[in-house]
Protein chains: 2
Amino acid sequence: MPDAAPDPIADFDLNAFLPYRLNAAAARVSRAFAERYRREFGISIAEWRVLAHLHAAGTVSVRDIEARAAMEKSKVSRAASRLEAAGYVSKAVNDADRRLVQLSLTREGRALVARLLPVAIRFQAELRESLGPRAEALDAALAVLLAPRREG
Amino acid sequence: MPDAAPDPIADFDLNAFLPYRLNAAAARVSRAFAERYRREFGISIAEWRVLAHLHAAGTVSVRDIEARAAMEKSKVSRAASRLEAAGYVSKAVNDADRRLVQLSLTREGRALVARLLPVAIRFQAELRESLGPRAEALDAALAVLLAPRREG
DNA sequence: AAAGATTCATTGCAGATGCAACAATGTCAA
DNA sequence: TTGACATTGTTGCATCTGCAATGAATCTTT
């Protein structure tokens, strides 16, 4: 009898499918990270992203975070409202353009970020450690996937 | 003046943070894939996963798919119900163990999968093409991230 | 200056999600 | 056999999400 011809349709395996694997890996990492943040600091990943961006950028608008952190503006708005209610973020109207909301960290917000960031950096370091030399390869692959879309 | 010492806390950049990048890349790929599936076939990613697993495994239970496709059982249950309502999947009670639901593809379900899989395979091929040699590196990194958790 | 177009942030809404509760069924030891 | 415990699938519920509609402010064009 002839050798069995490989049939990519009959042999299709979801667990070898790249989009599925990518999603499953991201979900697992996110879950572990979110769990740590929720337990230790009581904040969500969306809130963490807003805090991290405010830490880096100072006083910015919702639109700024939407653009730079790739979050829906409604998501940013809601995360910012929760952070404001918790006392970590203040909202103010921009005098030069009264449509804009100026988000900035409060004193408590800065103190929280000072505690958050070492945990995040350590989390990333653990991840890179478990990846070993594959970490750089992963960075390169993600850079391709995250590159701006071709317009064709 | 001395050279500025790199300060990982002050310099923290969300867009260089591995968990964030991994999530953003997975979200982008998933969104593109889901968009194509929704437009062409009217199904969601959860439904696609159930179909793919049924294609590979034949007649299985909800619990089987939960275990092998890493989906919450409620998610599987709801996806299966939608697929049943659409005529692609049939549910039957397992006579040997009446707690189990036997899910299997209907004739229409098999026909749909025959159209779905080439699209998925082509999508993956396009992804790998844009990654070039980095595709294998990505596979290796994802294998690490997806490896069963250490128990320590 | 005024009308229309554009931008910004919030909110309503529909759909998806995860968790826990639940009912139905099965297992196993006494 | 019976009664405690485990497993399976569905559903209720609270939450999150993205999209679209909205209201407020600004810009543009005439």
Side-chain angles (χ1 to χ4, degrees), chain A residues 23-24 26-28 30-35 37-39 42-50 53-54 57 59-86 89-104, chain B residues 23-24 26-28 30-35 37-39 42-50 53-54 57 59-86 89-104:
Chain A
N23 226 277
R28 171 182 283 199
S30 269
R31 173 168 289 240
F33 188 61
E35 170 66 16
Y37 262 56
R38 194 187 53 73
R39 266 212 331 269
I43 67 171
S44 70
I45 286 193
E47 289 153 21
W48 139 255
R49 287 184 187 171
V50 169
H53 193 66
L54 287 178
T59 296
V60 294
S61 67
V62 170
R63 170 69 189 169
D64 261 314
I65 300 183
E66 176 187 9
R68 295 211 224 170
M71 293 171 66
E72 282 288 314
K73 60 182 177 177
S74 60
K75 205 171 171 177
V76 175
S77 175
R78 283 161 174 149
S81 293
R82 287 192 296 267
L83 290 170
E84 185 191 26
V89 160
S90 69
K91 290 186 192 176
V93 173
N94 184 320
D95 285 330
D97 183 342
R98 300 173 51 76
R99 291 170 303 183
L100 300 181
V101 170
Q102 287 180 326
L103 298 175
S104 42
Chain B
N23 227 277
R28 171 181 283 197
S30 268
R31 173 168 289 242
F33 189 61
E35 169 67 15
Y37 262 56
R38 195 188 52 74
R39 267 212 330 270
I43 66 170
S44 71
I45 286 192
E47 288 152 22
W48 139 256
R49 287 185 187 171
V50 169
H53 193 65
L54 288 178
T59 297
V60 295
S61 67
V62 169
R63 169 69 189 172
D64 262 314
I65 300 184
E66 177 187 8
R68 295 211 225 173
M71 295 170 67
E72 281 288 315
K73 60 181 177 176
S74 60
K75 204 171 172 178
V76 175
S77 175
R78 284 162 173 148
S81 293
R82 287 193 296 268
L83 290 169
E84 184 191 28
V89 160
S90 67
K91 290 188 193 175
V93 173
N94 185 319
D95 285 331
D97 184 341
R98 300 173 49 78
R99 293 170 303 181
L100 300 181
V101 170
Q102 288 180 326
L103 298 175
S104 43

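Sequence lines set the chain letters: A, B, ... in the order given, protein chains first and strands last, and positions in each chain run from 1.
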Could you pull out all donor-acceptor pairs under 3.5 Å where a side-chain atom in residues 42-49 of chain A meets a protein atom, sequence neighbours excluded?
| from | atom 1 | to | atom 2 | distance (Å) |
| --- | --- | --- | --- | --- |
| A/Ser44 | OG | A/Ala46 | N | 3.4 |
| A/Ser44 | OG | A/Glu47 | N | 3.2 |
| A/Glu47 | OE1 | A/Ser44 | N | 3.1 |
| A/Glu47 | OE2 | A/Arg82 | NE | 2.3 |
| A/Glu47 | OE2 | A/Arg82 | NH2 | 3.3 |

Exercise for the section: Report the distance from atom CZ of A/Arg38 to atom C1' of C/dG18, rounded to the nearest whole Å. Expected result: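 Distance check: A/Arg38 CZ to C/dG18 C1' gives 12 Å.
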
Problem - Gap between atom CD of B/Glu35 and atom CZ of B/Arg38 - 0.5 Å precision - result: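 So the CZ of B/Arg38 and the CD of B/Glu35 are separated by 4.5 Å.
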
Exercise for the section: Keeping to residues at least two apart or across chains, list the side chain to side chain donor-acceptor pair (under 3.5 Å) pairs with something in residues 66-80 of chain A. Expected result: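 Matches after skipping sequence neighbours: A/Arg63-A/Glu66.
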
Handout entry: Pairs satisfying side chain to side chain donor-acceptor pair (under 3.5 Å), at least one member in residues 89-101 of chain B, at least two apart
Key =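 Residue pairs with at least one partner in residues 89-101 of chain B: B/Ser81-B/Lys91, B/Ser90-B/Ser104, B/Asp97-B/Arg99.
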
Handout entry: B/Ala24: partners by side-chain contact (heavy atoms from CB on, under 4.5 Å), with sequence neighbours left out
Key =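 side-chain contact (heavy atoms from CB on, under 4.5 Å) list for B/Ala24, sorted by chain: A/Leu146.
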
Could you report the tightest heavy-atom contact between [X] and [Y], atom names first, then the distance?
{"X": "A/Ser61", "Y": "A/Leu100", "value": "CB-CD2, 4.3 Å"}
{"X": "A/Ala26", "Y": "B/Asn23", "value": "O-ND2, 3.6 Å"}
{"X": "B/Leu103", "Y": "B/Leu54", "value": "O-CD2, 3.5 Å"}

Practice task
Starting at the 5' end of nucleotides 5-17 of chain C, put B wherever the base has a protein heavy atom under 4.0 Å, S where only the sugar-phosphate does, and a dash everywhere else.
Solution key: --BSBBBBB---B

Handout entry: Contact interval (first through last nucleotide) of DNA chain D with protein chain A, 4.0 Å heavy-atom
Key =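 So the contact region on DNA chain D extends D/dT17 to D/dT26.
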
